[in-house]
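What follows is a short report on a single structure.
Numbers restart at 1 for each chain; the letters A, B, ... are given by sequence-line order, proteins then strands.
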Amino acid sequence: MAKVPSVIHWFRLDLRIHDNLALRNAINEVRQAENRKHFLRPVYVIEPDIKNKVGENRLRFLIQSLQDLDSNLRKLNTRLFILRGTATELLPKLFDKWQVKHLTSQLDIDRDIVLQDEVIDEVAEKKDIFIVRRVQHTVYDVHSVLKKNNGAVPLTYQKFLSLVTGIQVKDTIEITKALSDNCKPPDFDSKDYDVPSLEDLGLDESALNPCKYPGGETEGLNRLNMYMAKKQWVCKFEKPNTSPNSIEPSTTVLSPYISHGCLSAKLFYHKLKEVENGASTHSQPPVSLMGQLMWREFYYTAGAGTKNFDKMVGNPVCTQIPWGKNDEHLKAWAEGQTGYPFVDAIMRQLKQEGWIHHLARHMVACFLTRGDLWISWEEGAKVFEDYLLDYDWSLNAGNWMWLSASAFFYKYFRVYSPVAFGKKTDKEGLFIRKYVPELKKYPTEYIYEPWKAPKSVQTTAGCVLGVDYPKRIVDHDKIHKENMQKMSAAYKLNKEKKAMKRPHT
DNA sequence: TTGTCCGTTGGCACT
DNA sequence: TAGTGCCAACGGACA
């Protein structure tokens, strides 16, 4: 008997059923094969070294998202097949074993996935497998936006907006009709394909911090609907007026759901349009919620069109800056032990909860790079990759370049003060008291600057500097001025190099 | 080529 | 409390 061919949908950063064009393609392919039976296998590949690549909070978010995805797929009378191994090694073998004729997936920008796809494409071509990749992770097709700009990367947000104005955004799609039993392969019920627990991956779940943002499509959609119901709030939203150091998030925290594809960016777009269209006035990009979504599109476009976007060297949009190396300072920063309470509180919130406010990211990124520690943005990006639930290849690199004044933003003399910046929205230092509990009892006048507290105050508050909490590792007032000079010199050199490269006519 | 305006969200002193 | 001007002076876009 001839083997029954299979159709694979390969889930990556599209952990959802709703608005999943590529999944629908796979399902349609199976359904249309009326008189020639096809099996459907929606797969997700867990790489062996995932624990080294993905921080524990994000790994938990991923596993939760996969569990939710599996349960949503089962409502369609199919399931998620988890594959354990390296995608580029494993998939080619399964192409033969499963008689794969058709492979669908989302079109991704993330460099690692793009490289993976190149390998798979080559194999698929040899084996005569039809590959379908759909644009569905962004609102716009970033490659056609680049084309519209004659292949050049838009270097300003306004330029990007002007490129996408007038582009019609397609409607979202839904998949509701369940599949027939004919689509189930014989090993459908095998436990080998079950979503692993964190324990299976070698992680002690009980040792993790409490889960503040559970992963999954269901949770993402609930969160979206909850915020979109607050129409006034949506219409008045202005990012700079939200607080980086409120005890509960002052923004939506939809980002982890969008970055994992639990939530469709296009659905977010349409829901926002709906709310905005129903209001007499609403805030505008860049500060509005729609503006935030457009920032994501901006960085995706830049990431797709720039070589070595996540690196300094060999990256055409990135100013070359002679960053220093200081592993001790880097470690202190990453672990929230710099002696600057505001910086430390943010870094500890990041490590514990996997999410920090965008402006908090500005604060700590500026501090690590051009502001205080003079350490490369690439080092900071690696730490964020590890800790952030909403880690996203394009956004992470793009924002780090922005904050370090390496690309897109150039006013390097605008430096965030680790003392003044937080005070604007949290005079009492409640945020610091929560995340740096050593300082909980400090008088308000010293909460942002504990080094100014007399020894007697330190003792009374139960936190002596250098014993219970670190002394500050740098003197911001002094060092940020020195760093500004270094930035100025780097810019000057960059300008000269550019002038030399320019053709003389 | 040069000038001008503008740019997601700084800090600080002052009114 | 919010607004303004100064700090020192960037690159991109466009005329």
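For A:Y410, whose side chain is taken as the heavy atoms from C-beta onward, the closest listed nucleotide among C:dA9, C:dA13, B:dG7 is B:dG7. Relative to the side chain of A:Y416, the nucleotides B:dG10, B:dT8, C:dA9 differ in distance, and B:dG10 lies closest. Nearest to the side chain of A:K495, among C:dC14, B:dG11, C:dG11, sits C:dG11. Closest approach to the A:F413 side chain among C:dC14, B:dT8, C:dA9 is made by C:dA9 (side chain taken as heavy atoms from C-beta onward). Checking B:dG10, B:dT8, C:dA9 against the side-chain heavy atoms of A:H362 singles out B:dT8 as nearest. Side-chain proximity of A:Y491 to the nucleotides B:dG11, C:dC14, C:dG11 is greatest for C:dG11.
Under the salt bridge (charged side-chain N to carboxylate O under 4.0 Å, His left out) criterion, the residue pairs touching residues 287-316 of chain A are A:R111-A:D310, with sequence neighbours excluded.
Between C:dG5 and C:dA9, the two C1' atoms lie 15 Å apart (nearest whole Å). Nucleotides C:dA8 and B:dT8 are separated by 24 Å at their P atoms, to the nearest Å. The separation of B:dC12 from C:dC10, taken at their P atoms, amounts to 22 Å, rounded to a whole angstrom.
For the pair A:I321 CD1 and C:dC10 P, the interatomic distance rounds to 14 Å; values are reported in whole Å. Straight-line distance from the CE atom of A:M487 to the P atom of C:dG11: 10 Å, rounded to whole Å. Atom CZ of A:F408 is separated from atom C1' of B:dT8 by 14 Å (rounded to the nearest Å). Following rounding to the nearest Å, A:W402 (CH2) and C:dG12 (C1') show an atom-to-atom distance of 12 Å. One atom, CG of A:D477, and another, P of C:dC7, lie 19 Å apart when rounded to the nearest Å. If you take CE of A:M484 and C1' of B:dC12, they are 12 Å apart, rounded to a whole angstrom. As a whole-Å value, the separation of A:F409 CZ from C:dA9 P is 15 Å. Atom NZ in A:K497 sits roughly 14 Å away from atom P in C:dG11 (whole-Å rounding).
Residue A:K411 places none of its side-chain N or O atoms closer than 4.0 Å to OP1 or OP2 of C:dA9. Side-chain N/O atoms of A:K424 include one lying less than 4.0 angstrom from OP1 or OP2 on B:dG11. Residue A:Q158 has a polar side-chain atom (N or O) positioned under 4.0 Å from OP1 or OP2 of B:dT8.
Only one option out of A:D171, A:D19, A:D14, A:D141 pairs with A:K266 in a salt bridge (charged side-chain N to carboxylate O under 4.0 Å, His left out); it is A:D19. Each of A:V135, A:T138, A:I109 was checked for a side chain to side chain contact (heavy atoms under 4.5 Å, CB included) with A:H143, and the lone residue meeting it is A:I109.
Between A:Q485 and A:K427, the residue whose closest nucleotide on DNA chain C is further toward the 5' end is A:K427. When each of A:R414 and A:K492 is assigned the nucleotide of DNA chain C with its nearest heavy atom, A:R414 is the one assigned upstream, toward the 5' end.
Taking a cutoff of 4.0 Å between a charged side-chain nitrogen and a carboxylate oxygen, A:R472 and A:D475 qualify as a salt bridge. Taking the charged nitrogens against the carboxylate oxygens, A:K271 and A:E274 have no contact shorter than 4.0 Å, which rules out a salt bridge.
Among the heavy atoms of the strands lying under 4.0 Å from A:V415 are primed sugar atoms or P, OP1, OP2 only; no base atom is included. In this structure, A:F421 reaches the sugar-phosphate backbone alone: every heavy-atom distance under 4.0 Å involves primed, P, OP1 or OP2 atoms, never a base.
Looking only at atom types and distance, the side chain of A:D392 has no donor-acceptor partner in the side chain of A:S259 under 3.5 Å away.
For A:E328, the CD atom is loosely surrounded, since the number of other residues' heavy atoms within 6.0 Å does not exceed 12.
Take A:E353 and apply the salt bridge (Lys or Arg N to Asp or Glu O under 4.0 Å) test, not counting sequence neighbours, and it matches A:K212.
Residue A:W295 and nucleotide B:dT8 are classified as a stacked aromatic pair, their ring centres being separated by less than 5.5 Å at an interplanar angle below 30°.
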Step-by-step ring pair (Phe, Tyr, Trp, His ring centres under 6.0 Å) determination, A:F61 to A:Y213: CA-CA 8 Å; A:F61 190 97; A:Y213 311 106; 8.5 Å; no
Bracket string, DNA chain B, 5' to 3' - pairs by Watson-Crick or G-U geometry under 3.5 Å, | interstrand: .||||||..||||||
